[in-house]
Participant: 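Before I ask anything, let me first share the structure, which is written out below as structure tokens.
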Amino acid sequence: MIRQIAIVGTGYVGLTTGACLASLGHNVVCADVDVEKVEQLRRAEVDILEPGLPELVAEGVAVGRLTFVVGAKRVFRASRPPIEAIFLCVPTPTGPDGAADLTAIESVIGEIREVLPQGCIVVNKSTVPVGTAARMERLLARKDISVVANPEFLSEGTAVRNFLYPERIVVGASNQHAAEGIAALYAKLGAPIVLTDTHSAELGKYAANCFLAMKLSYVNAIAELCERVGANVTDVTGSMGLDSRIGPAFLQPGPGWGGPCLPKDARALLQLASGMDLEFSLLEATITTNERQFARIVEKVRLAHGGTLAGARVGFLGLTFKAGTGDLRSSPALTVAQRLAAGGAVVQAYDPQVPVEKPGVTTGVRITSSPEAAAKNASVLVLLTEWPEFRKLDWPAIARQLDGKLVIDTRNHLDPEELAQAGLTWQGVGFGQATAC
Ligand code: UGA
């Protein structure tokens, strides 16, 4: 059945949700506070890198199923017949105490409270502390309005695919009718639907993201151990991943996990546990192990530059928190760059998604326009983001620019043989010198 839906917030979650729901045949009105962004979206111009999204937005706009307005309240004026469900997809950044800051959600609730049509369902997609849906119901203070917790499981760079081919859909509500109404929106997708209470839906989202973070910290610690005992991390994780209880995904060691979600959610879950007097040492160790990865890279650079960072010129390949996105939020590359700069090094970086004129990336980092420019006169080159094009670089040309010979590959992304042919030394993560036992 075609439904009338509103979305508040047109970030990668809101816009993907809106465009995908429109592609399923629903009528969707999206609201944002950013006037310029709304104008762009009306012209079907998408300014985030998200494969498939521009096409879906263009299609939705062209057929009139996807429209955009400024301000949450306006969605109700823009829709005839009335909106049946309004999805909140607004940011929930880390507050000063580590817990999620719900200011944006509360402000939208305040704005729409009195204009919500009779029986409209308020759906929260943002990642929020347990108890937020119940709190939203209290703030709304309307007996005819139910709040549903419907967390998103979209990864940047694959968000459209994740939405249209989901592994699960989680719908938490205290009102069975509202839960079934929201579950029905996704009926065409044929995914398993977990109908539950709001607390379980909210906690389930944190539990999943923090499990992924834990898996990555574990793998990064195993990589560190591989270096010490003389083992090969690719073989170790390869054998682990063949165990179906473990699975091969999220076993790739790297410079530490980052991005707008995992670091924020790990801190928020830790805060939630401590507020409940639960010592969650496993999660604490997950976070401190991640911090250690940044320090490990800095140390490798320091050693490569004769034991000091002072005066070191360091080339970076990649700045975004992972490949396939233009997002720099909580990027491990930026953390490492800041620490190198604090130690007296100069960082010159190239990233295919970060333009030279990008303002305020971080102090101490100069953005360059090519991998060769990032390598120019550098004593060491460090790969931080696994952009596919970095596999096809002109290594002899890069070697001519570099002062030193070392390439530190924090993602095990490059071909050591190819680098060797260009006279460069490849140093990956998790490869020790094997010694006979
Ligand atoms: C994450 C989750 O994967 C999504 O399921 C979730 O919906 C989303 O957060 C969210 O809460 O909105 P995302 O932030 O896009 O998605 O990033 P991930 O793909 O999870 O990557 C996180 C970090 O782990 C990146 O820095 C990435 O480079 C790193 N990573 C990932 C590795 O180092 N190794 C791997 O094998 C996988």
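We count ligands from 1, going down the list as the structure has it; atoms in each ligand are counted the same way.
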Participant: What protein heavy atom sits nearest atom 1 (C) of ligand 1, and how far off is it?
Facilitator: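 That would be L262 CD1, 3.7 Å.
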
Participant: Step through the shown structure and confirm whether more than 12 heavy atoms of other residues, nucleotides or ligands are within 6.0 Å of CD on E389.
Facilitator: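 Yes, because the 6.0 Å sphere around CD of E389 holds more than 12 heavy atoms from other groups.
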
Participant: Once you restrict to heavy atoms under 4.0 Å, what part of Y12 touches ligand 1? Side chain, backbone, both or neither.
Facilitator: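 Near ligand 1, Y12 shows its side chain, while the N, CA, C and O stay back.
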
Participant: Tell me, which protein residue and heavy-atom name are nearest atom 9 (O) of ligand 1, and how many Å apart are they?
Facilitator: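 Going by distance alone, atom 9 (O) of ligand 1 is nearest to C261 CB, 3.3 Å.
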
Participant: Please work out whether any backbone atom (N, CA, C, O) or any side-chain heavy atom from C-beta onward of L154 is under 4.0 Å from ligand 1, and answer side chain, backbone, both or neither.
Facilitator: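 The answer is the backbone.
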
Participant: Going by heavy atoms in the side chains, are T92 and K264 under 4.5 Å from each other?
Facilitator: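 Heavy-atom side-chain distance check passes, below 4.5 Å.
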
Participant: Looking at atom 19 (O) of ligand 1, what's its closest protein heavy atom, distance included?
Facilitator: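 Nearest protein contact, heavy atoms only, for atom 19 (O) of ligand 1 is K322 NZ, 2.8 Å.
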
Participant: Do any N/O atoms on W257 end up under 3.5 angstrom from N/O atoms on ligand 1?
Facilitator: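 No, W257 has no N/O under 3.5 Å of an N/O on ligand 1.
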
Participant: Identify the heavy atoms of S370 and A373 that sit nearest to each other, and give their distance.
Facilitator: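 Where S370 meets A373 most closely, the heavy atoms are OG-N, 3.0 Å.
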
Participant: Would you kindly say whether D327 and Y12 are connected by a side-chain donor-acceptor distance under 3.5 Å?
Facilitator: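 No, Y12 and D327 have no side-chain donor paired with an acceptor closer than 3.5 Å.
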
Participant: With a sphere of 6.0 Å drawn around OH of Y218, does it hold more than 12 non-hydrogen atoms of other residues, nucleotides or ligands?
Facilitator: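 No, OH of Y218 has 12 or fewer neighbouring heavy atoms, counting only those of other groups under 6.0 Å.
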
Participant: Under 4.5 Å between any side-chain heavy atoms of L340 and F316, yes or no?
Facilitator: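 The answer is yes; the side chains approach within 4.5 Å.
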
Participant: So, regarding F321 and ligand 1 (criterion: nitrogen or oxygen to nitrogen or oxygen, under 3.5 Å), is there a contact or not?
Facilitator: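 Yes, there is a polar N/O contact under 3.5 Å.
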
Participant: Show the nearest heavy-atom pair for residues L283 and A266, with the distance to one decimal.
Facilitator: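 Heavy-atom minimum between the residues: CD2-O, 3.6 Å.
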
Participant: How long is the span from the CD1 atom in I222 to the CE atom in M240, to the nearest 0.5 Å?
Facilitator: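 The distance works out to 6.5 Å.
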
Participant: Tell me whether E372 is salt-bridged to K376, with the criterion being a basic N under 4.0 Å from an acidic carboxylate O.
Facilitator: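 K376 and E372: not salt-bridged.
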
Participant: Heavy-atom pairs closer than 4.0 Å: do any link ligand 1 to the side chain of L212, the backbone, both, or neither?
Facilitator: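 L212 to ligand 1: side-chain contact only, backbone stays beyond 4.0 Å.
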
Participant: Note the single closest protein heavy atom to atom 30 (N) of ligand 1, along with its residue, its atom name and the distance in Å.
Facilitator: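 Checking every protein heavy atom, the shortest distance to atom 30 (N) of ligand 1 gives L216 CD1, 3.6 Å.
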
Participant: Please could you name the atoms of ligand 1 that K205 approaches to less than 4.0 Å, counting only its heavy atoms?
Facilitator: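 It comes down to these atoms of ligand 1: 6 (C), 7 (O), 10 (C), 11 (O), 12 (O).
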
Participant: Regarding atom 36 (O) of ligand 1: of the candidates K125, Q252, R329, which has the closest heavy atom?
Facilitator: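 Answer by nearest heavy atom: Q252.
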
Participant: Within the 4.0 Å heavy-atom shell around R411, which atoms of ligand 1 are there?
Facilitator: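 Those atoms are 27 (C), 28 (O), 33 (O).
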
Participant: Tell me the contacting part of E152 for ligand 1: side chain, backbone, both, or neither, using a 4.0 Å heavy-atom threshold, strictly below.
Facilitator: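 Within the 4.0 Å criterion, E152 contacts ligand 1 through backbone and side-chain atoms alike.
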
Participant: Specify the protein heavy atom at minimum distance from atom 4 (C) of ligand 1: its residue, its atom name, and the distance to 0.1 Å.
Facilitator: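 Of the protein heavy atoms, S155 OG, 3.5 Å lies nearest.
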
Participant: Which bit of N209 gets closer than 4.0 Å to ligand 1, counting heavy atoms only: side chain, backbone, both or neither?
Facilitator: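 For N209, only side-chain atoms sit under 4.0 Å from ligand 1.
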
Participant: Go through ligand 1 atom by atom and flag the ones less than 4.0 Å from a non-hydrogen atom of L251.
Facilitator: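 Counting atoms of ligand 1 from 1, those under 4.0 Å from L251 are 36 (O).
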
Participant: Which residue and non-hydrogen atom of the protein lie closest to atom 20 (O) of ligand 1, and at what distance in Å?
Facilitator: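 Checked against all protein heavy atoms, atom 20 (O) of ligand 1 sits closest to F250 CZ, 3.3 Å.
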
Participant: If you count the atoms of ligand 1 from 1 in the order shown, which ones are under 4.0 Å from a heavy atom of E156?
Facilitator: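 This gives 15 (O) as the contact atoms.
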
Participant: Is a salt bridge present between R391 and E418, judged by a nitrogen-to-oxygen distance below 4.0 Å?
Facilitator: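 Salt bridge between R391 and E418, a charged N being under 4.0 Å from a carboxylate O: no.
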
Participant: Look at the rings of W426 and F431 and say which category their plane angle falls in: under 30° parallel, 30 to 60° tilted, over 60° perpendicular.
Facilitator: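 W426 vs F431 ring planes: tilted.
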
Participant: Between G259 and ligand 1, does any nitrogen or oxygen pair lie at a separation below 3.5 Å?
Facilitator: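 N/O-N/O distance below 3.5 Å does not exist for this pair.
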
Participant: What closest approach, in Å, do S155 and N162 show between heavy atoms, and which atom pair accounts for it?
Facilitator: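 Distance-wise, the nearest heavy atoms are N-OD1, 2.8 Å.
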
